[in-house]
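Below you'll find the structure, written out as structure tokens, and then a few comments.
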Amino acid sequence: MIAVFCTKADGINLDDRFGRCDHFTIVDVDSGKTIKTIGNSAKNSSDSAGLKAAQIILDIDADILIAPLLGPKAHGAILPFPIEIYNQGISKTISEILKNYKLGKLSLMTNPKVEGLHKV
Amino acid sequence: MRIAIVSGKGGAGKTTVTVNLSAVCNNISVIDCDVEEPNCHIFLKPHISEIVDVFTEYPEIDKSLCINCGACSSFCKFNAFLSSKNLTISMKELCHSCGGCIRVCKENAIKYSKRSIGSISSGKSEGLDNKNDFHYGVLNIGEMSGVKIVEQLKKKCFDNNLLLIDSPPGTACLAVSAVEGSDFAVIVLEPSLFGISDMEMVIEMLNDLKIPFGVVINKIDSENEIYNYCIKNKLIILGEIPFISKIAEINAKGELLTSVSVKYKELFQKIYQNILKQVSRLAK
């Protein structure tokens, strides 16, 4: 099972943005090992960073996405695809989240309904 | 001749200038391109003889033909497609109807459908003696772009007539599409810091589009430093509208300044004459 996290460039610490996060870190959930860290090419787009990032997530072919709050467009766009989106919540690291995921403590993200999060 | 009435800031007085100018010219057409919030019709009180829908096109994917190759999603600059190896979806509200996806889809799985994004109302302005041709567009609530409506509005008018274009405020796509192709632009300037800084962006836009312009200063009182600003920046002042409550009252009633007082009629006649003077000077 493959999970994608929104992280800083170090691939360890979590970013608090989805569309404009530094890197996407791809992790094998069962072993807890990082498979790959890729730069987020959507990071500096003038608009629709969330949707561009959504295509990156689809290209990774992940099973689950663990992310900070997604905007309604990105959330709605990913919804038809077989990817589960979980809230990363207040956790700061991947290992912390993986522990919570295995304990069934992560919550599924519902559509935020707030247009344009526009986090800088 | 096409004259666009523009401003950087909303509420500067574009509509006031447009409708009152239209009242002092003959053989003129007026189009209200501020499709997100049109209001010329409040003053011109048109008898609407025709309302037509404006359509936009958006892609629909035939799932039986789609092989999820991702050509459409990697082509589309507006992210109107998302694709994975098992599923491709289109998001119609993000589409700009460029037609590129249809060309890059080798499986012919994409077809355009139509939906109405708004309408154009046409008629004669009953509020005026000269009964000018008048058209205004309305964009449906929730639609992203009214550019298609503006483009069709501009086709409504004949080249031999004088055309007044009430533009949307600012310098976004909608304003650019309204102004594009005009022979002259009238910037309505409100003498505030906000008004000036927003106008500077409009000047940049007009210079890019190579459209000559002049300025009408609205809401002016005697102590304004706006004159110095205009002189310093070599802006042509076409006219001034004083900052008095009487004008606001007339406007709030939805009446034309020109039909209330001869003084205002002369004021707009003078603005019109100054515009003509500038246009003929440029023609030489």
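Chain letters run A, B, ... following the sequence lines, proteins first, then strands; residues in each count from 1.
Within 6.0 Å of the CG atom in Leu103(A), the count of heavy atoms belonging to other residues, nucleotides or ligands exceeds 12. In this structure, Glu36(B) places its CD atom where only 12 or fewer heavy-atom neighbours from other residues, nucleotides or ligands lie under 6.0 Å away. Under a cut-off of 6.0 angstrom, the local environment of CD in Glu200(B) is crowded, with over 12 non-hydrogen atoms contributed by other residues, nucleotides or ligands. The local environment of CD in Glu96(A) is crowded, with over 12 non-hydrogen atoms from other residues, nucleotides or ligands closer than 6.0 Å. At most 12 non-hydrogen atoms from other residues, nucleotides or ligands lie less than 6.0 angstrom from CZ of Arg103(B). Environment of NZ in Lys92(A): sparse, with no more than 12 heavy atoms of neighbouring residues, nucleotides or ligands closer than 6.0 Å. Within 6.0 Å of atom CD1 in Ile90(A), 12 or fewer heavy atoms from other residues, nucleotides or ligands are found, so the atom counts as exposed in its surroundings. By the neighbour-count criterion of 12 heavy atoms within 6.0 Å, atom NZ of Lys102(A) is densely surrounded, having more than that number from other residues, nucleotides or ligands.
Residues of residues 47-61 of chain A that come within less than 4.5 angstrom of chain B, heavy atom to heavy atom, are Ser48(A), Leu51(A), Lys52(A), Ala54(A), Gln55(A), Leu58(A), Asp59(A), Asp61(A) in numerical order. Listed in order of number, the residues of residues 168-181 of chain B that approach chain A to under 4.5 Å between heavy atoms amount to none.
The stretch residues 15-47 of chain A participates, sequence neighbours left out, in no ring pair (Phe, Tyr, Trp, His ring centres under 6.0 Å) pair at all.
Residues Leu87(B) and Pro80(A) approach most closely at CD2-O, 3.4 Å, considering heavy atoms.
Using a 4.5 Å cut-off between heavy atoms, Ser74(B) does not touch chain A at all.
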Show me the donor-acceptor pairs within less than 3.5 Å that the side chains of residues 89-96 of chain B make with the rest of the protein, sequence neighbours left out.
from, atom 1, to, atom 2, distance (Å)
Ser90(B), OG, Pro59(B), O, 3.1
His96(B), ND1, Leu94(B), O, 3.1

